[in-house]
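Values in this document were obtained by computation on a predicted structure and should not be read as measured data. All residue numbers refer to positions in the sequence shown, counting from 1.
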Amino acid sequence: MEVKSTIQVNEHSDLQTVLNLVAQSKEPVNINFVFQNISFVVQSQLVGINPPKQKSVSHAS
């Protein structure tokens with residue numbers, strides 16, 4: 001069963017820090033978190049960015 005959900009990430013939050021680590025890593029990243037006294041280990045890997053990052057284009061004036 002595949003569950004899809006979208007989480008709004010606030011700047012300067014722990015989740016943003018985790019996402020930055022995942023985005024910068026070339027290997028899967030283990031994320032450890034505790035929810036309702038249960039410890040979870042999630043392996044996460046960046047598979048796509050939407051919208052794709054734009055490459056900066058310099059225009060001569």
Side-chain angles (χ1 to χ4, degrees):
M1 181 175 87
E2 184 176 338
V3 177
K4 290 187 176 184
S5 64
T6 301
I7 300 171
Q8 186 69 38
V9 179
N10 295 321
E11 286 190 86
H12 311 297
S13 67
D14 289 343
L15 186 54
Q16 183 194 37
T17 301
V18 169
L19 291 175
N20 285 337
L21 289 171
V22 171
Q24 293 169 7
S25 177
K26 295 187 184 336
E27 298 294 323
V29 175
N30 285 341
I31 302 168
N32 304 292
F33 65 94
V34 177
F35 177 70
Q36 296 181 346
N37 293 325
I38 301 172
S39 295
F40 294 84
V41 179
V42 176
Q43 190 173 75
S44 187
Q45 185 172 15
L46 183 68
V47 293
I49 298 175
N50 186 18
K53 282 193 168 188
Q54 301 293 323
K55 295 191 177 189
S56 58
V57 178
S58 58
H59 295 283
S61 48

Exercise for the section: Check step by step if side-chain contact (heavy atoms from CB on, under 4.5 Å) holds for I31 and L21. Expected result: CA-CA 10 Å; I31 302 168; L21 289 171; over 6 Å; no
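More than 12 heavy atoms of other residues, nucleotides or ligands lie within 6.0 Å of CG in N32, so this atom counts as buried by the packing criterion. The local environment of CD in E27 is sparse, with at most 12 non-hydrogen atoms from other residues, nucleotides or ligands closer than 6.0 Å.
V18 and F35 fall within a single hydrophobic cluster, where Ile, Leu, Val, Met, Phe, Trp and Tyr side chains are chained together by heavy-atom contacts under 4.5 Å. In terms of hydrophobic clustering, with Ile, Leu, Val, Met, Phe, Trp and Tyr side chains grouped at heavy-atom distances under 4.5 Å, V22 and V41 are assigned to different clusters.
Here the side chains of V9 and L19 are in contact, with some heavy-atom distance below 4.5 Å. Within the 4.5 Å cutoff, no side-chain heavy atoms of V29 are placed close to those of L46. Under the 4.5 Å side-chain criterion, counting only non-hydrogen atoms from C-beta, F40 is not in contact with V34.
Proximity of a side-chain donor or acceptor of S13 to a complementary backbone N or O of N10 within less than 3.5 Å is detected.
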